[in-house]
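Only this structure's heavy atoms are used, side chains among them; waters, hydrogens and symmetry mates stay out. As the structure is a prediction and not an experimental result, all values here were calculated from the model.
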Amino acid sequence: MAQSEALNTGFWRRLSRRTQHGDGLFYLGTLLFALVVIGMVAAIGLVTFNGSALARSEFGLSFLTGREWKPVDTDVRPATFGAWPAVYGTLVSAAIAVLLAAPIGIGIGIFLSELCPRWLRTPLSFTVELLAAIPSVIYGLWGVAVFAPVFRDAVAKPVSRSLGQVIPALAGPVAVGRGMMVAGVVLAIMILPTIAAITRDVLAVVPNTQREVMLALGATRWEVIWQSVLPYARAGVIGGVMLGLGRALGETMAATMLIGNSQRLSSSLFAPGVTAASLVASELTNANSPLHESALIEVALVLFGITLMLNLFARLLVWQVSRGPAGARI
Amino acid sequence: MRPPAHRSRFPWLFSLIVLPLIVLSLALLPGGAAASEPATADLAATATPKPTAKPTVRPTVRPALKPKTTIKPTATATPIPPWAPRQLSATLKGSGASFPNVLYQAWIQVYKLTVPNVAISYQSVGSGQGISDFIKYLTDFGGTDAAIAEARVKTEAPDALHIPMVMGAVVATYNLPGISNLRFSPATLANIYLGNITRWDHPAIAADNPGVKLPDTDITVVYRSDGSGTTSIWTDYLAKISTDWKTSVGSGTTVSWPVGIGAPGNAGVAGTVKQTEGAIGYVELIYALANKLPAAPVKNSSGNFITPSLSSVSDAANGVTYPASLAVSLTNAPAATAYPIAGFTYILVRANTYTDADKAKALADFIYWGLTEGQGASVRLGYAPLPTEARYLAMKQLYKISVKGQQIFSGPVK
C-alpha cells in the first residue's frame, strides 16, 4: 500500500514536472517562431541594404529623387538610375486603388454585418472571400485581356477627350489602355475583399449595446451605423484599409501586366508608368550590369522602406483614433 | 538529472515539429554559399524530369537526325571515324537564356538515351542570370543570347569560352487591319522606336512600301518590359544602324525607351500589339512563326528586303569575320541574303578551370553532339541551325577545354 502510494505520488510529481518541462519547450518553440518573423524582416532589410551598396555609393540620396532610369551606357553618357518614377508610380497606383476600394469595401462590410438579410449573408461573404483567393496573375490576365480594352474604350478615351482637355491628370493619349489608372482600378478590385472582410469582422464584434442605445434614442439605421457602430470599430477599419494599401503597394504581377512599364514621368493618369515591385520583377533577372542589379535592389529597399513607414503611419493613426472613449463620434 | 526517457505525449510531438525547424534554420542561416549549393541542386533535380511531359519531341527528333550526322562530307577525302559520345558518368548543371530552353530540354532528353549516365539539367532563368551563375561557379555551363561584355570577361571570367549553338532572330510585328505585307528599312524602324515617326502614313514608311495604302493612325510602340536577350538583339541592331539610337538609348537587355509601353514576355508584346490598332512590337522569330503573326521583312546591309525565315537567319552567320572568342554580334550582317536582326545563342564553358575531367569530357561531348546531331532537332523546333563555317568554329572551341593541362576533347570537325 505504502509502496503503491509512493509510486503514485512519484508518478504525479514526475508528470507535473514533465508537463512543466513541456511548457518550457512550448514556450521556447513559440518564442522561436516569433523571433523567426523578426529575423526575416531583419534579413530582408540586411540583404537589400548590402545588395544595394554599389548603387548607394554611386548615387547617394539623389537616387530617391532621380528621374532618369537609363540602364545602359552609351557613348555620350554612363548608365544612370533614379527611383523617382518607380516610387511615384507605386504611390499613385496604390492611392487610386485605396481611394476606390476603401469606400466600396467599407460599404460591403457594413452591408454584410449590419443590413444584410440572413439568407444572402453566407453566399455574399463567400463570394467576397473568393475574390481574395484569386491569384494576382489571373487578375492581371483578366485586366489585360478583358478589362483594359473595355476601360480604354468606355472610360479612358471619352474622359481624356472631354475632361482631359481641362484637367492634365486625365489627358490622353490612351492608345493601348494600359497605365496607372487601369492598374489602380484592378488593384482596387484586388484589395476590395481584404477591406470588406476586415470591416465585416470588426463590425461584427461591436457590442450590441452600442446599437441598442442609439435605437432607444430613436436613431435611424444610418445614424446607428454612422454615429455609433463605425466610430466604435474605426481602429479596425483603418487597419483593414492599411492592409489593403500594403497589398496594393507590393502587388507585382498584375501591376507589371497593366501599368505599361514606362520610366517616363507623365502628368496624366492614363499614361503608362512603373511601380517599384514591377520594375524589380521585370529587370532583376536579366540586369545589364552589376550597377543595374544593385540599383534594382535599392529600389526594393526603397519599397521596403515605404511599406515600413506606411505601417508605422497606420500604427500612429490607429493609436490616435483609439484614444478617448471607444464610441465617440469620428 | 531528469530522465528524458519518457515525456508526456504532447510536448514530445511538438518538439518533433520544432527541432527539425531549428536544425533547418541553423543550416540556412550561416554561410549562404554552403546552403545554396544543395538548394540549387534540388532545383536542378526537379528541373530535369520536366521534359518528359512532352513526349512528342523524342519520336520526331530521332529519325530526322540520321542523315544529317552520318554523311557530312568535308574537304578531306579520308574516311572519318564514327564519333560517339563517351560513356561517362557525370552530372552537369546549366542555367541561362530562356530562348533556347525548349531546344536544350529536347536535346537533354534525347541525349540521355545515348548516354544514360550523364545527367544534364538546364534551368531557363534568363541570359543575365545565366552569366552570373556561370561566373559565380554555381553552374557547369551557362546559356546566354548575348556574349559576355569584353570588359567583364577580362575581370570576372577570363577563361570563359563562347560556343554558339543555334541562331535566333527578332522580328517586327504590327497590327494594321487589312495590311499584312509591310516592310521596313532600318532608318524607319529606328525612327519609329525613337518616336520621330508617330503616324503610319509617314512618307518614310510609304517609301518602303510602295502600293500599300497606309492608314493615318498613330503608331503605338510596344517593347519588352522584362530584361531579355530579345531586347538585347533588337537594340543592338538599332544601335548599329542609327547613331541617334546609339548615343541616346544604347543597347542592352533593358534600355530606357524614348516612347511606347512595355509588356512582359513575347506573349505580352504580341498580345498588346494584337489588342491595339496601330501598334508595332518586336518578338522572337520562333514566337512569330508559331503564332502566325505578321513578321515584317527588313532591308539588310546589302539593300535587300529580307523576309525573316530560318534560312535567312542562318545566312546571317555567313561571311562574318569571327574573332577568336566567337563573341560577335550578328546584327546587320554582311551576307546579301541575311536577315539583319539575328544572333547566336551561346553555351558558356570554362577553358581550364574544370577540376573533374569526366565532367568536362561529358560536357564537351554533349555540346559536340548538339552541334552535330542536335542541329537537326533545332530546325524541327523552329531554331535556325548554324551554317557550316560557324559550326566548325564552334567545334574548335571545344579543343580549348583542358583539365589539369590535358585537352579533354578531340572529336573530328565535321
With Thr253(B) as partner, the option from Asn286(A), Asn288(A), Thr285(A) fulfilling side chain to side chain donor-acceptor pair (under 3.5 Å) is Asn288(A)
With chain A, which of [options] has the greatest number of heavy-atom pairs at distances under 4.5 Å?
{"options": "Gly227(B), Gly262(B), Pro264(B)", "answer": "Gly262(B)"}
{"options": "Ser228(B), Ser232(B), Gly271(B), Gly268(B)", "answer": "Ser228(B)"}
{"options": "Ala279(B), Ala146(B), Gly265(B), Ser251(B)", "answer": "Ser251(B)"}
{"options": "Ser127(B), Gly229(B), Gly278(B), Ser225(B)", "answer": "Ser225(B)"}
{"options": "Thr272(B), Val222(B), Asp218(B)", "answer": "Thr272(B)"}

Under a 4.5 Å heavy-atom cutoff, which of [options] has the most pairs with chain B?
{"options": "Glu293(A), Glu68(A), Arg152(A)", "result": "Arg152(A)"}
{"options": "Gln263(A), Met257(A), Arg264(A)", "result": "Arg264(A)"}
{"options": "Pro272(A), Ser278(A), Gly177(A)", "result": "Pro272(A)"}

Show the numbers, then the answer: is there a side chain to side chain contact (heavy atoms under 4.5 Å, CB included) between Asp226(B) and Glu283(A)? CA-CA 5 Å; Asp226(B) 51 330; Glu283(A) 297 189 2; over 6 Å; no
Per-residue contact mode, [X] against chain A (heavy atom under 4.5 angstrom):
{"X": "Val255(B)", "answer": "both"}
{"X": "Thr247(B)", "answer": "both"}
{"X": "Thr235(B)", "answer": "neither"}
{"X": "Thr217(B)", "answer": "neither"}

Distance, nearest 0.5 Å, that separates [atom1] of [X] from [atom2] of [Y]:
{"X": "Leu284(A)", "Y": "Gln129(B)", "atom1": "CG", "atom2": "CD", "answer": "7.5 Å"}
{"X": "Trp245(B)", "Y": "Thr74(A)", "atom1": "CH2", "atom2": "OG1", "answer": "12.0 Å"}
{"X": "Asp75(A)", "Y": "Lys246(B)", "atom1": "CG", "atom2": "NZ", "answer": "4.5 Å"}

Using every non-hydrogen atom in the two residues, find where Ser256(B) and Pro71(A) come nearest and quote the distance to one decimal. N-CD, 3.6 Å
Under a 4.5 Å heavy-atom cut-off, does chain B meet the side chain of Val274(A), its backbone, both or neither? neither
For the backbone of Ser248(B) and the side chain of Arg77(A), can you confirm whether one donor and one acceptor N or O come within less than 3.5 Å of each other? yes
Run the numbers on His292(A) and Thr254(B) for side chain to side chain contact (heavy atoms under 4.5 Å, CB included), then give the verdict. CA-CA 10 Å; His292(A) 187 193; Thr254(B) 40; 3.0 Å; yes
Could you please spell out the steps behind the side chain to side chain contact (heavy atoms under 4.5 Å, CB included) verdict for Gln275(B) and Arg178(A)? CA-CA 11 Å; Gln275(B) 266 184 9; Arg178(A) 313 253 176 93; 3.4 Å; yes
